[in-house]
Amino acid sequence: MTPPAEADWERLRKAAREAMSRAYAPYSGYPVGVAALVDDGRTVTGCNVENASYGLSLCAECGLVSQLQNTGGGRLTHFVCVDGNGRSLVPCGRCRQLLYEFGGPDLLLETPAGILPLSRMLPQAFGPDHLAQ
Ligand code: THU
């Protein structure tokens, strides 16, 4: 699939920032927003939702994959994560695994080090293929 034009990354960034503005992060004070393009052209987003029982807090990516599945499924192709200042942020390790399930190794991520495939952010990933072996 052809990567989107620069303007599309900007559009994804904007969607991630909008999602970040809706984060519920009263405990960490660290709002996060994410946005991704789906292979059918949809855009899905998410924000972190924390909990008084800290360990139950949901990362923004949890909301994103839930929205993906609940709006028709599909494959993630391009992904952006931003912090409370709207700057590019790397997804945490657990969330890389969540993204791998629905994007695989070729999912492109915008990171502070540039655009990278998920295979670079989560090398030798465990995934659905292993269960089929
Ligand atoms: N957080 C995310 O939402 N996604 C990430 O990939 C990194 C961390 C959230 C979890 C928590 O609510 C806050 O950032 C501080 O760790």
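The analysis underlying the following values was restricted to heavy atoms, covering all of them including side chains, and did not include hydrogens, waters or symmetry mates. Counting starts at 1 for both ligands and their atoms, following the listed order. No experiment lies behind these values; they were computed from the predicted model shown.
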What is the closest protein heavy atom to atom 9 (C) of ligand 1, and at what distance does it sit?
N48 ND2, 3.6 Å
Residue, atom and distance of the protein heavy atom nearest atom 1 (N) of ligand 1 read C59 SG, 3.6 Å
At what distance, to the nearest 0.5 angstrom, does CG of L118 lie from CG of D106?
9.0 Å
Heavy-atom contacts with E50 under 4.0 Å: which atoms of ligand 1 show up? List them by number with element.
11 (C), 12 (O), 13 (C)
Check whether any side-chain N or O of R13 sits under 3.5 Å from a backbone N or O of G86 as a donor-acceptor pair, and report yes or no.
no
Report, as yes or no, whether the 6.0 Å neighbourhood of atom CZ on R120 holds more than 12 heavy atoms from other residues, nucleotides or ligands.
no
Pairing donors with acceptors under 3.5 angstrom, does anything connect the side chains of R11 and T43?
yes
Should you measure from each heavy atom of A60, which atoms of ligand 1 turn up under 4.0 Å away?
2 (C), 3 (O)
Assess whether atom CD of Q133 is packed by more than 12 heavy atoms of other residues, nucleotides or ligands within 6.0 Å.
yes
Between ligand 1 and S57, is the shortest N or O to N or O distance under 3.5 Å?
no
Could you walk me through whether E50 and S28 satisfy the side-chain hydrogen bond (donor to acceptor under 3.5 Å, both in side chains) test, starting with their C-alpha distance in whole Å, then the side-chain angles of each, then the deciding distance to 0.1 Å, before giving a yes or no?
CA-CA 8 Å; E50 297 185 346; S28 70; 2.5 Å; yes
So Y54 and Y27, would you call those rings parallel, tilted or perpendicular, with 30° and 60° as cut-offs?
tilted
Residue E61 vicinity, atoms of ligand 1 by number, heavy atom under 4.0 Å
2 (C), 3 (O), 4 (N), 5 (C), 6 (O)
Starting from atom 16 (O) of ligand 1, locate the nearest protein heavy atom and write down its residue, its atom name and how far away it is, to 0.1 Å.
Y30 CD2, 4.8 Å
Atom indices of ligand 1 within 4.0 angstrom of S28 heavy atoms, with elements
13 (C), 15 (C)
Within-cut-off N or O pair, L58 and ligand 1, under 3.5 Å
no
Note: ligand 1 atoms sitting under 4.0 Å from heavy atoms of P91 are 6 (O)
Got an N/O contact under 3.5 Å between C92 and ligand 1?
yes
SB check K14 E10 (cutoff 4.0 Å):
no
Which of the numbered atoms in ligand 1 are under 4.0 angstrom from any heavy atom belonging to V32?
1 (N), 2 (C), 3 (O), 4 (N), 9 (C), 14 (O)
